There are 2 protein chains.
Amino acid sequence: MRPKNLIKEDAIRSIALQIISEEGLENLSMQKLAKAANISPRTIYIKYENKEDLLIKLFIEEVLGGYEKAILENFDPKMDFREGMKRLWLNTFHYLKNHKPSFSLLQHGKSSPLLNKAYQEKNIRQGEFFAPIPIFLKTNIEAGLIPDLPLDVYKALLFSPVNDLVAEYFDHADRPIQIITEEMILTCCETVIKGITTLK
Amino acid sequence: MRPKNLIKEDAIRSIALQIISEEGLENLSMQKLAKAANISPRTIYIKYENKEDLLIKLFIEEVLGGYEKAILENFDPKMDFREGMKRLWLNTFHYLKNHKPSFSLLQHGKSSPLLNKAYQEKNIRQGEFFAPIPIFLKTNIEAGLIPDLPLDVYKALLFSPVNDLVAEYFDHADRPIQIITEEMILTCCETVIKGITTLK
DNA sequence: ATCATAAGTAAACAAACGTTTACTTACTTT
DNA sequence: AAAGTAAGTAAACGTTTGTTTACTTATGAT
């Protein structure tokens with residue numbers, strides 16, 4: 001039988017992400033995607049059941065998968081707290097600023113009920129998603145190096161400021177001088193570390 | 001002449017926000033909105049030029065306007081740093097957790113290119129938007145009470161963790177026991193304050 | 001009471017939507 | 001080399017989209 005053309009599958013994914021990033025989730029249509037990828041609409045339906053299936057698989061497999069892998073690169077739960085934090089922040093910053101379409105769909109995941117629901121179900125089904133980070137925190141809490149705050153508070157402190165700075169980076173990415181630098185990420189990270197390790 | 005029915009105008013706004021919150025921006029249509037508000041589609045076009053105009057005015061005037069007002073309530077740039085920070089965090093938490101549709105559109109504003117662009121233009125045109133906060137920070141920097149970090153770093157530290165915790169609050173709002181409490185917000189706020197005031 | 005006029009309605013417009021039907025192509029297996 | 005089959009196409013399906021046209025309603029001013 002005729003084999004799948006993997007180049008076309010890649011094109012569907014990358015062009016879908018590109019359209020979402022440039023025009024928003026509300027402006028992605030199957031026909032627009034097919035035309036931009038130079039294929040027939042029917043071809044998308046070989047791989048994906050429907051539009052919702054495409055969006056969820058793009059979000060969960062393509063984007064969240066790559067994001068998790070990039071964040072955890074060279075990270076080990078047994079690292080020193082300061083070094084571990086810096087590694088996570090720099091991994092996040094470098095990955096996201098070089099993958100604008102992925103960052104864009106991640107942001108959509110926080111507002112679209114469809115994607116948000118899919119994210120929550122993934123979190124419930126796969127307990128190992130981003131698991132090294134809770135282990136890292138627990139180890140440091142048990143060693144008495146950081147206070148015993150709720151996991152949600154740690155998640156808010158670890159992930160949201162660097163995410164916010166990346167959003168700011170893209171908002172001004174066309175400027176002649178870089179507004180958000182690696183130095184600023186490290187300053188912000190250092191501030192959070194100080195806050196956590198100084199508390200109580 | 002026949003006067004406008006202000007109740008209908010209110011219904012358009014609140015029902016639009018409700019649909020966006022429950023089904024997402026990508027599932028709001030003018031006809032669905034008209035049907036849900038029990039009016040003719042044409043009535044929406046008396047107040048708004050088109051769909052984009054409706055979304056932008058909803059976002060900028062209705063949502064951002066109310067958000068800014070709520071955050072700055074009982075806040076004064078001359079407040080003590082710790083007290084000012086707590087005021088801002090608690091205002092944000094209480095307002096957002098009681099205004100889910102507004103929170104939802106605020107989140108959409110971070111992913112939708114249309115709304116994001118509108119937000120940036122508002123920020124440029126109206127230099128006074130959220131102005132008390134930069135003044136608050138500048139005053140404390142000049143008094144030597146907090147370090148001289150870039151405004152973007154302060155914005156990331158002040159706004160994003162509490163926003164993230166509100167998102168978590170809504171994700172688990174149907175649970176029997178409250179997951180995100182005011183106590184957690186204050187703990188998180190205290191951590192950030194410690195980080196900022198301890199640094200250097 | 002009537003008039004002028006903007007508010008508001010019901011129905012319709014072309015265009016675009018997600019998806020499917022009917023068909024052809026290209027490659028593996030025999 | 002022929003057969004079998006999934007990949008892939010072009011065109012179309014019925015809906016729904018954003019918006020408008022043609023009309024009616026309700027109210028302040030005369």
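Sequence lines set the chain letters: A, B, ... in the order given, protein chains first and strands last, and positions in each chain run from 1. All values derive from a computational prediction rather than experimental measurement.
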So [X], base contact, sugar-phosphate only, or nothing? Heavy-atom distance under 4.0 Å.
{"X": "B:Lys8", "value": "sugar-phosphate"}
{"X": "B:Leu6", "value": "nothing"}
{"X": "A:Leu28", "value": "sugar-phosphate"}

Rounded to whole Å, how long is the line connecting atom [atom1] of [X] with atom [atom2] of [N]?
{"X": "A:Asn27", "N": "D:dG18", "atom1": "CG", "atom2": "C1'", "answer": "12 Å"}
{"X": "A:Asp53", "N": "C:dG18", "atom1": "CG", "atom2": "C1'", "answer": "14 Å"}
{"X": "B:Gln31", "N": "C:dA14", "atom1": "CD", "atom2": "P", "answer": "15 Å"}
{"X": "A:Ile19", "N": "C:dG18", "atom1": "CD1", "atom2": "P", "answer": "11 Å"}
{"X": "B:Leu114", "N": "D:dG18", "atom1": "CG", "atom2": "P", "answer": "13 Å"}
{"X": "B:Glu26", "N": "D:dG18", "atom1": "CD", "atom2": "P", "answer": "13 Å"}
{"X": "B:Lys51", "N": "D:dT20", "atom1": "NZ", "atom2": "C1'", "answer": "17 Å"}
{"X": "B:Asn5", "N": "C:dT9", "atom1": "CG", "atom2": "C1'", "answer": "13 Å"}

Does atom CD of B:Glu52 have more than 12 heavy-atom neighbours, drawn from other residues, nucleotides or ligands, at distances under 6.0 Å?
->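 Check fails, neighbour count at 12 or below.
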For side chain to side chain contact (heavy atoms under 4.5 Å, CB included), just list the numbers for B:Leu88 and B:Phe75, CA-CA rounded to whole Å, side-chain angles, deciding distance to a tenth of an Å, and then say yes or no.
-> CA-CA 7 Å; B:Leu88 293 174; B:Phe75 172 81; 3.7 Å; yes
Strictly below 4.0 Å, heavy-atom distances to any atom of DNA chain C: list the hits from residues 33-50 of chain A, or just say none.
->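 Those residues whose heavy atoms fall under 4.0 Å from DNA chain C, taken from residues 33-50 of chain A in numerical order, are A:Pro41, A:Arg42, A:Tyr45, A:Asn50.
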Short question: side chain of B:Lys100, backbone of B:Ser21 - any donor-acceptor pair under 3.5 Å?
->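 Side chain of B:Lys100 to backbone of B:Ser21: no pair is present.
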Just do the salt bridge (charged side-chain N to carboxylate O under 4.0 Å, His left out) check on A:Glu73 and A:Arg87 with the steps written out, would you?
-> CA-CA 8 Å; A:Glu73 197 158 275; A:Arg87 164 74 32 232; over 6 Å; no
Quick one: which of D:dT17, D:dT19, D:dT27 gets closest to the side chain of B:Ser29?
->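 From the listed options, D:dT17 comes nearest.
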Quick one: is C:dT25 close enough that its OP1 or OP2 comes under 4.0 Å of any side-chain N or O from A:Lys4?
->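 No, A:Lys4 has no side-chain N/O under 4.0 Å of OP1/OP2 on C:dT25.
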Is the NZ or CZ atom of A:Lys57 positioned over A:Tyr48's six-membered ring, under 6.0 angstrom from the centre and within 45° of the axis?
->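 No.
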Pair A:Phe136 + A:Phe81: ring centers closer than 6.0 Å =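 Ring-ring flag for A:Phe136/A:Phe81: true, centres closer than 6.0 Å.
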Could you say whether A:Lys32 or A:Pro3 is positioned toward the 5' end of DNA chain C, judged by the nucleotide with the nearest heavy atom to each?
->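 Mapping each residue to its closest nucleotide by heavy atoms, the 5'-most match is A:Lys32.
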Tell me, do B:Asp10 and B:Leu6 make a side-chain contact under 4.5 Å, heavy atoms counted?
->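 B:Asp10 vs B:Leu6: side chains apart.
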